[in-house]
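To start, the structure under review is shown below, and the notes come after it.
Treat the numbers as computed from the prediction; the structure is a model and nothing was measured.
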Amino acid sequence: MVVESLGSVPALRVRVVRDEPIHGAGRAVVYWMTAARRVRWNFALDRAIDWAQELKKPLWIIEVLTCGGRWDTERTHRFVLEGMADTARRLNGRPVLYYPYVESQPGENEAFFAAICQQACVVVTDEHPTAPGIVANGDRCAVRLEAVDGVGLVPMRAANEAFPTAFAFRRFLQAVLRDHLFDTPQADPFAHVELPPADSLPTAIARRWPRASVELLSGEPGSLAKLAIDHRVPAVSMQGGSSAAETRWQAFLTDALASYPELRNQPESDATSGLSPYLHFGHISTHQVFFDIVAQQSWTPARLGQKASGVRQGWWGMSEAAEAFLDQLLTWRELGFNTCSHRPDYAEYDSLPPWAKATLAKHAKDPRSYVYSLEQFASAQTHDPLWNAAQRQLVSEGRLHNYLRMLWGKKILEWTSRPEEALEIMVELNNRYALDGQDPNSYSGIFWILGRYDRPWGPERPIFGTIRYMSSENTARKVRVTQYLRRYSEEALGWRCGRAEKTLFG
């Protein structure tokens with residue numbers, strides 16, 4: 001399908017979902033915002049603005065939050081709603097119509113989308129492999145529908161395959177990065193832009209699908225209670241939205257990046273960036289984070305290594321701390337998107353490497369010293385204090401320290417009757433409680449536990465076979481956990497994330 005040469009958005013980032021004619025008589029160009037939930041550094045928004053300028057039409061930005069999904073909870077909904085409120089503030093006074101829409105019952109969104117398409121000249125939306133949004137129902141669009149990839153520095157379609165290891169993907173990234181490094185979205189897409197005035201939606205549409213109320217956007221409990229979502233997983237203190245994301249990022253960049261290599265694996269220091277939920281919901285862009293580091297490091301592309309060797313350190317020509325952080329942000333994050341965009345079975349057990357499936361099958365019937373149910377895992381009722389503390393952090397805060405996430409998963413593999421069940425439990429717990437659940441990187445972390453992106457490790461052990469092994473005892477020797485155990489003890493948390501959680505699965 002033909003991608004129109006338009007503005008500055010690279011053609012490789014634009015996929016034509018519906019190759020219909022442009023509806024010149026339509027009322028507006030529509031940006032159907034579902035994954036890149038931000039106003040700045042957003043390729044999809046840039047594309048929509050380019051269309052609006054080309055066609056001399058108003059721009060409607062319609063941000064949608066659906067319900068009825070398996071893991072739709074008050075936790076994730078309030079985080080997204082806070083972001084919608086922030087976007088409304090940022091777009092106040094801009095020459096666009098911003099329309100936040102929140103489903104109260106499953107399915108309302110599809111009819112709303114079809115009605116909007118009848119009013120549109122062209123519709124632009126977000127490309128995202130684990131959050132496809134309306135792209136999955138693109139046949140309901142009567143006009144041209146484009147999905148724009150804005151998830152990483154390198155477009156997902158720049159690769160023709162799913163890479164089996166981080167080393168292989170890092171080598172690919174180093175080979176192609178120069179071609180994409182400065183194809184960037186606009187930091188301020190409305191600067192020096194003139195668009196026709198945007199009025200309100202047609203009355204009949206606005207009446208049937210009303211915009212989200214101020215009370216709902218503020219996360220007011222009574223408004224949230226009316227939505228068809230899981231109300232047993234409460235909101236957490238971390239605030240959603242681009243402003244919160246940028247505040248957190250700037251604090252990390254200024255105060256914590258320099259010590260990142262030494263402290264990132266220490267649960268007690270909590271020296272990670274905390275950006276994962278914001279990247280997941282599109283509240284901040286990889287491009288913005290990258291170019292802030294570029295500015296801090298006074299870096300130029302002339303420092304890049306000449307050979308795509310796949311090395312982790314030294315290729316960028318930046319400080320050790322910056323390179324360590326970029327390896328997480330770019331190599332590991334974009335590797336997850338690479339897998340999910342090229343493998344429809346990314347969430348299936350059979351997607352594991354053949355060696356991993358073989359060694360797990362060989363040891364599937366090995367005796368287990370402990371076997372726990374989903375309910376016991378969810379309520380942190382194992383024999384292991386460190387594992388229980390990690391689970392309580394996940395339930396109470398919606399996040400899990402990156403280093404302990406690995407141990408958390410390895411123990412679930414060890415304490416379930418078969419590896420397929422371990423995968424099911426990891427996915428369920430992560431996607432239900434974590435703010436970044438269902439992200440490509442969530443699946444990367446979970447499947448790494450079972451051998452994805454890894455290699456066989458000796459010696460061969462019961463249950464694990466040659467899957468990489470971890471123990472709580474070794475972890476406690478490698479990193480400081482005393483204060484962590486106290487912080488996430490039953491007493492410290494008042495057990496609000498403990499036994500009562502069994503009702504979720506009862």
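- Using cut-offs of 30° and 60° for the angle between ring planes, the Trp32 and Phe113 rings count as perpendicular.
- Remark: the Trp249 side chain and the Asp292 side chain contain an N/O donor-acceptor pair separated by less than 3.5 Å.
- Annotation for Asn160: atom CG does not count as buried by contact number, only 12 or fewer foreign heavy atoms lying within 6.0 Å.
- Minimum heavy-atom separation, Leu216 to Ala212: CD2-CB, 4.2 Å.
- A donor-acceptor pair shorter than 3.5 Å can be found between the side chains of Arg405 and Asn430.
- Looking only at atom types and distance, the side chain of Glu220 has a donor-acceptor partner in the side chain of Ser223 under 3.5 Å away.
- Between Phe43 and His287, the ring planes lie perpendicular to each other; the angle is over 60°, past the 30° to 60° tilted range.
- Nearest approach of Glu323 to Arg312, heavy atoms of both residues: OE1-O, 3.9 Å.
- Under a 4.0 Å N-O distance rule, the pair Asp86/Arg37 does not qualify as a salt bridge.
- Not counting sequence neighbours, the partners of Gln296 by the side chain to side chain contact (heavy atoms under 4.5 Å, CB included) test are Leu253, Leu257.
- Contacts of Ala131 classified as side chain to side chain contact (heavy atoms under 4.5 Å, CB included), with partners at least two apart in sequence or in another chain: His128.
- Ring planes of Tyr346 and Tyr443: perpendicular class, angle over 60° (limits at 30 and 60°).
- Side-chain atoms of Asn338 come within 3.5 Å of backbone N or O of Glu161 as a donor-acceptor pair.
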